[in-house]
Trainee: 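There's a structure below that I have some questions on.
This is a predicted model, so every value here is computed, not measured. Below, chains carry the letters A, B, ... as their sequence lines are ordered, and counting in each starts from 1.
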There are 2 protein chains.
Amino acid sequence: MDQLEIFKALSNKTRLQILHWLKEPERYFPPQEHEDINEVGVCVGQIQQKAGLNQSTISEYLSILQKAGLLKSTRIGQWTYYKRNKEAFLALSQFITEEI
Amino acid sequence: MDQLEIFKALSNKTRLQILHWLKEPERYFPPQEHEDINEVGVCVGQIQQKAGLNQSTISEYLSILQKAGLLKSTRIGQWTYYKRNKEAFLALSQFITEEI
DNA sequence: TTGGAATATCGGAAAAAGTCGATATATCTT
DNA sequence: AAGATATATCGACTTTTTCCGATATTCCAA
């Protein structure tokens, strides 16, 4: 866990918003056409639409969040689904109370 | 609590290091000449020395951490002492597990 | 096997952050 | 009151981040 990388990933309004949405995907997104939203997460296009930024920007943001370990991704057909990585948030929470 | 501001404050190696030191000030700093280290914290000069960056840089970094609410400061005579604000870390930890 | 849809990558312009040296301010000492 | 010490602020330059449009890649469907 690279904490600095994680905090950089969290230092952006849109990325924080995305994480908030992905904490409760059913609440913020329509059911995914082909997959179970709770199983694989939400596809890039839906997140992009909701965020209202350029497609390339959102694709990169999701990649930043994933590289930091905060999201997990699954490619199914032409879609990439992103979902929250619970363990990372627990570890980060612990880091904050115990190390800094 | 402005979470974005907090995460930006945490997105810097030196600032993270400072917070780590201030979590256990007795362990990382000599006793303060004039004050109780556990009461008021550590003065800017000591932190600057340990961090090895310019005085103005450290002064600004401490100000950033304080504006984000992560540190509290006390001016006593010509010294400004900074100490960890425990409540802020607890609240942040909770935000991370509950909101994102 | 070609066209279309979803996503990823690249290159760049603008904005923000990092870091310094110089200088200002506040306070202590004499 | 003057010099010394600790900290804060300012201006400048460099590096990083933001966000876009254009293009590439991957995969599906006809």
Trainee: Considering heavy-atom distances to DNA chain D, does A:R15 or A:I76 have its closest nucleotide positioned more toward the 5' end?
Mentor: A:R15
Trainee: Indicate, with a heavy-atom threshold strictly under 4.0 Å, whether A:Q55 touches base, sugar-phosphate, or nothing.
Mentor: base
Trainee: Going hydrophobic residue to hydrophobic residue with side-chain gaps under 4.5 angstrom, can you get from A:W79 over to A:L65?
Mentor: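 Different clusters: A:W79 never reaches A:L65 through Ile, Leu, Val, Met, Phe, Trp or Tyr contacts under 4.5 Å.
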Trainee: Mind checking whether A:M1 and A:I6 have side chains closer than 4.5 Å, heavy atoms only?
Mentor: yes
Trainee: Write down the distance between CG (B:N54) and P (D:dG11), rounded to a whole number of angstrom.
Mentor: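 Result: 17 Å.
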Trainee: Of A:V42, A:T80, A:L70, A:V44, which meets side-chain contact (heavy atoms from CB on, under 4.5 Å) against A:L62?
Mentor: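 Of the listed options, the one satisfying the test is A:V44.
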Trainee: Which is more 5' along DNA chain D, the nucleotide nearest A:G52 or the one nearest A:G77? Just name the residue.
Mentor: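 Result of the comparison: A:G52.
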Trainee: Between D:dC19, C:dT27, C:dT19, which nucleotide has the shortest distance from any of its atoms to the side chain of A:N12?
Mentor: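 For the A:N12 side chain, the nearest candidate turns out to be D:dC19.
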Trainee: Record whether the side chain of B:T14 comes under 3.5 Å of the base of C:dG18 through a donor-acceptor pair of N or O atoms.
Mentor: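 Answer no: no donor N or O sits under 3.5 Å from an acceptor.
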Trainee: What nucleotide among C:dG4, C:dT7, C:dG18 has an atom nearest to a side-chain atom of A:C43?
Mentor: C:dT7
Trainee: From C:dC20, C:dA8, C:dT27, pick the nucleotide closest to the side chain of A:V44?
Mentor: C:dA8
Trainee: Can you figure out which of C:dA8, D:dT18, C:dT7 approaches the side chain of A:Y82 most closely?
Mentor: C:dA8
Trainee: Does the cation-pi check pass for A:R84 over A:F89, that is, NZ or CZ under 6.0 Å from the six-membered ring centre and within 45° of its axis?
Mentor: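 Cation-pi check for A:R84 and A:F89: passes.
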Trainee: Could you tell me how far apart B:Q78 (CD) and C:dT29 (P) are, to the nearest whole angstrom?
Mentor: 7 Å
Trainee: Where the side chain of B:L53 is defined as all heavy atoms beyond and including C-beta, which of D:dC20, D:dA6, C:dC20 is the nearest nucleotide?
Mentor: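 From the listed options, C:dC20 comes nearest.
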Trainee: In this structure, how many angstroms lie between the C1' atom of C:dA8 and the OH atom of A:Y61, rounded?
Mentor: 16 Å
Trainee: Could you tell me how far apart A:K8 (NZ) and D:dT17 (C1') are, to the nearest whole angstrom?
Mentor: 10 Å
Trainee: Heavy atoms only, 4.0 Å cut-off, all strands: where does B:Y81 land among base, sugar-phosphate and nothing?
Mentor: nothing
Trainee: A:R75 has an atom CZ; how far is it from atom P of C:dT9, in whole Å?
Mentor: 10 Å
Trainee: Closest to the B:S59 side chain: D:dA6, D:dT9, C:dT9?
Mentor: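 Nearest to the side-chain atoms of B:S59, counting from C-beta on, is D:dT9.
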Trainee: Determine whether any donor atom in the side chain of B:E60 lies under 3.5 Å from an acceptor atom in the base of D:dA8, or the reverse, and answer yes or no.
Mentor: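 Flag unset: no donor-acceptor pair detected.
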Trainee: Specify the separation, in whole Å, of atom CD1 of B:I58 and atom C1' of C:dG21.
Mentor: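 My rounded result for the distance is 15 Å.
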Trainee: Using whole Å, what does the distance between atom C1' of nucleotide D:dA6 and atom CD of B:Q32 come to?
Mentor: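 Taking atom C1' of D:dA6 as the reference, CD of B:Q32 is at 13 Å.
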Trainee: When you get a sec, tell me which of C:dA22, C:dA17, D:dT7 is the closest nucleotide to the side chain of B:S56?
Mentor: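 Per side-chain heavy atoms of B:S56, the pick is C:dA22.
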Trainee: Does A:E26, at its CD atom, have more than 12 non-hydrogen atoms belonging to other residues, nucleotides or ligands within less than 6.0 Å?
Mentor: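 Not more than 12 within 6.0 Å, no.
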Trainee: Assess, by modelled atom type and distance only, whether the side chains of A:T97 and B:S93 contain a donor and an acceptor separated by less than 3.5 Å.
Mentor: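 Judged by distance alone, the side chains do not pair up.
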Trainee: What does B:T80 touch in the nucleic acid at a heavy-atom separation under 4.0 angstrom: a base, only the sugar-phosphate, or nothing?
Mentor: sugar-phosphate
Trainee: Taking atom P of D:dT17 as reference, at what distance in whole Å does atom CG of A:L10 sit?
Mentor: 14 Å
Trainee: Just call it for B:S63: base, sugar-phosphate, or nothing, with non-hydrogen atoms closer than 4.0 Å on any strand.
Mentor: nothing
